[in-house]
Amino acid sequence: MSADGRSVSILGVTGSIGQSTIAVIEELRAQGAHIPVEAVTAGANLQGLAEACRRLRPKFAAVADPNQLEAARAALAGLDIAVGAGPSALEDAAARPAAWVMSAIVGAAGLAPTLAAIRRGALVALANKECLVSAGPLMLKAAADHGATLLPVDSEHNAIFQVLTHPERVEKLTLTASGGPFRTATREIMARASPAQACAHPRWSMGRKISVDSATLMNKGLELIEASYLFGLEEKFIDVVIHPESVVHSFAHFVDGSVLAQLGSPDMRIPIAYTLSWPDRAKVSTERLDLAGLKSLNFEAPDPELFPALRLCRAALRTGPLAAAALNAANEEAVAAFLAGRIGFLDIARVVEDVLAHLEAEAAPIAKSPSSFDEVGAMDGAARRAALEIAGSLTAA
Ligand code: NAD
Ligand code: MG
């Protein structure tokens with residue numbers, strides 16, 4: 001099986017990953033591949049949604065905001081596409097019979113639609129890491145129960161997925177991190193960092209939320225949790241190394257001392273194309289690596305003082321899945337508060353740490369394993385309320 005003949009849907013089509021997915025589909029179509037598009041979704045960007053619909057010609061398009069149904073119909077007039085609006089329309093989009101679904105909504109908002117694709121046994125290309133961090137064990141169980149296949153899109157996890165020749169013979173994984181825009185900064189510089197500075201990533205061009213997460217290294221912490229769930233390893237068997245060139249996308253260390261890595265230019269079309277054509281590979285016009293031109297690749301340990309987020313994520317993973325859900329929700333709220341100018345850059349990790357301490361002090365069932373998605377949702381809600389309160393007190397201070 002390859003991408004040719006595979007029907008697809010794209011959740012979050014207007015975002016950075018959504019746009020790269022369109023680029024891959026168009027390139028493969030230009031080579032003659034037949035890739036029909038079933039459904040696409042967007043948050044609130046109707047212009048972007050209409051543009052994607054003109055290019056892809058899906059049968060169904062959904063927008064997350066329920067008040068935008070008429071406006072979405074008007075934006076897509078003449079294209080002969082059924083239109084829906086609101087959270088249930090996002091799930092309807094994912095439930096339609098596409099063989100492959102790109103899950104690229106940002107945040108835990110992507111959980112319900114991703115589950116709708118999992119529950120009909122689809123191939124799910126998973127870019128949305130927040131839904132896995134929030135509900136990992138339950139999502140993996142749903143995938144196993146319904147025969148769905150999760151194909152990791154996050155470049156590190158995609159790299160490990162590509163080199164995992166003997167999953168039961170893995171000793172350790174190493175996730176690489178570019179280090180983000182503040183790799184060589186001081187705490188004083190970080191304390192004054194603006195949203196624009198935090199989003200100016202040196203290697204990757206991405207949505208604003210993941211860009212801020214990359215600057216705090218929370219992104220790497222979320223990825224550590226993601227890797228633990230996807231590959232079934234405890235946090236002590238997952239290392240993080242700073243690799244400023246972003247050429248090696250991660251490493252798998254095996255019991256005989258062999259270390260396998262996947263390399264490539266930092267371009268999300270590579271992992272997206274791999275999941276779309278899996279288990280085959282497709283020809284994609286990404287920049288080829290010039291090894292002699294690179295000259296050297298550097299690796300260094302992350303500074304725990306500058307980047308407390310990694311420690312927080314390791315602690316949440318040790319506590320259990322509900323702590324990871326709380327951490328993710330608190331971080332989403334803290335990042336939104338930072339992007340809105342309500343708290344400082346260093347406050348993001350502080351809010352997350354305080355929310356987890358607050359929930360533990362309140363004797364919230366944080367160390368328990370959730371048995372339903374409702375329990376995850378309740379913890380997510382409690383963490384968001386606590387984060388808003390704590391962020392509010394920092395704003396006032
Ligand atoms: P983005 O902000 O560029 O795009 C997000 C998409 O989700 C958009 O289509 C937006 O309209 C939609 N959306 C936003 N809020 C929504 C809501 N409440 N309900 C429904 N839809 C909503 O983000 P991105 O950079 O494309 O990242 C998407 C996901 O992929 C994130 O989880 C991110 O961590 C992950 N990811 C991204 C990259 C990257 O290079 N951009 C790499 C690895 C993983
Ligand atoms: Mg990544």
Side-chain angles (χ1 to χ4, degrees), residues 8-22 24-25 37-49 51-53 56 58 60-66 68 72 83-96 98 100-120 122-136 138-139 142-143 148 150-155 157-158 206-213 219 222-223 225-226 268 271-272 275-276 325 328-329 331-333 335-336 339 373 376-377 380 384:
V8 306
S9 290
I10 308 171
L11 313 177
V13 74
T14 55
S16 166
I17 292 288
Q19 296 296 300
S20 295
T21 306
I22 296 181
V24 170
I25 290 172
V37 179
E38 191 66 41
V40 297
T41 79
N45 175 359
L46 293 184
Q47 227 182 331
L49 183 66
E51 162 71 12
C53 286
L56 297 174
F60 180 69
V63 57
D65 179 354
Q68 283 194 318
V83 182
S88 65
L90 301 179
E91 290 182 55
D92 292 345
R96 293 177 73 104
W100 182 91
V101 178
M102 168 53 76
S103 164
I105 291 172
V106 60
L111 177 58
T114 304
L115 271 176
I118 287 175
R119 287 185 172 138
R120 58 176 186 76
L123 292 176
V124 179
L126 192 67
N128 176 316
K129 66 193 84 186
E130 293 93 345
C131 69
L132 193 68
V133 171
S134 187
L138 292 173
M139 261 178 78
L150 294 182
L151 301 167
V153 174
D154 214 347
S155 55
H157 308 74
N158 187 270
M206 311 178 286
R208 280 163 74 76
K209 195 266 176 180
I210 184 177
S211 294
V212 174
D213 285 345
N219 182 51
L222 298 176
E223 290 183 356
I225 299 173
E226 187 186 6
M268 288 307 291
I272 292 168
T275 65
L276 180 59
N328 175 67
N331 181 58
E332 285 190 30
E333 294 301 329
V335 170
L339 285 172
F373 287 100
V376 175
D380 176 289
R384 282 177 203 271

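FYI, the numbering just counts along the sequence from 1. Side-chain atoms are counted along with the backbone in the values below, which use heavy atoms only and exclude waters and symmetry mates.
Side-chain contact between Asn328 and Glu332 is present, with heavy atoms from C-beta onward closer than 4.5 Å.
Judged by distance alone, with hydrogens and angles left aside, the side-chain atoms of Arg384 form no donor-acceptor pair with the main-chain N or O of Glu333 at under 3.5 Å. Gln68 places no side-chain N or O within 3.5 Å of a backbone atom of Leu46 that could act as its donor or acceptor partner. Listed for the Thr41 side chain is no donor-acceptor partner under 3.5 Å among the backbone atoms of Val63. A distance-only check finds a donor-acceptor pair linking the side chain of Arg120 to the backbone of Ala94 [under 3.5 Å]. The backbone N or O of Leu126 lies less than 3.5 Å from no partner atom in the side chain of Asp154, so there is not a single donor-acceptor pair.
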Exercise. Could you go step by step and tell me if Ile210 and Lys129 meet the side chain to side chain contact (heavy atoms under 4.5 Å, CB included) rule?
Worked result: CA-CA 10 Å; Ile210 184 177; Lys129 66 193 84 186; 3.6 Å; yes
Problem set entry | Steps toward salt bridge (charged side-chain N to carboxylate O under 4.0 Å, His left out) verdict (Arg96, Asp92) | CA-CA 6 Å; Arg96 293 177 73 104; Asp92 292 345; over 6 Å; no
Problem set entry | Intermediate values then yes/no, side chain to side chain contact (heavy atoms under 4.5 Å, CB included), Thr21 and Val13 | CA-CA 8 Å; Thr21 306; Val13 74; over 6 Å; no
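Across all non-hydrogen atoms, the minimal contact from Leu150 to Ala143 is CG-CB, 4.4 Å. Closest of all the heavy-atom pairs between Ala62 and Ala93 is CB-CB, 4.4 Å. Residue Asn128 comes nearest to Gly110 through the heavy atom pair ND2-CA, 3.6 Å, listed as atom of the first residue, atom of the second, then distance. Across all non-hydrogen atoms, the minimal contact from Trp100 to Ala125 is CZ2-CB, 3.5 Å. The two residues Asn158 and Val153 make their nearest non-hydrogen contact at CB-O, 3.9 Å. Considering every non-hydrogen atom in both Ala109 and Ile105, the closest pair reads C-CG2, 4.2 Å.
The side-chain contact (heavy atoms from CB on, under 4.5 Å) test applied to Val37 returns Val8, Arg29, Val40, Leu56, Pro58, not counting sequence neighbours.
Atoms CD and CD, from Glu51 and Gln19 in turn, are 7.5 Å apart once rounded to the nearest 0.5 Å. Atom CG of Leu151 is separated from atom CE of Met102 by 9.5 Å, given to the nearest 0.5 angstrom. To the nearest 0.5 Å, the span separating CE on Met206 from CG on Asn219 amounts to 6.5 Å. Expressed to the nearest 0.5 Å, how far CG of Leu138 lies from SG of Cys131 amounts to 12.0 Å. The CD1 atom of Ile25 sits 11.0 Å away from atom OG of Ser20, with the distance rounded to the nearest 0.5 Å. Interatomic distance, Leu90 CG to Leu111 CG, rounded to the nearest 0.5 Å: 12.0 Å.
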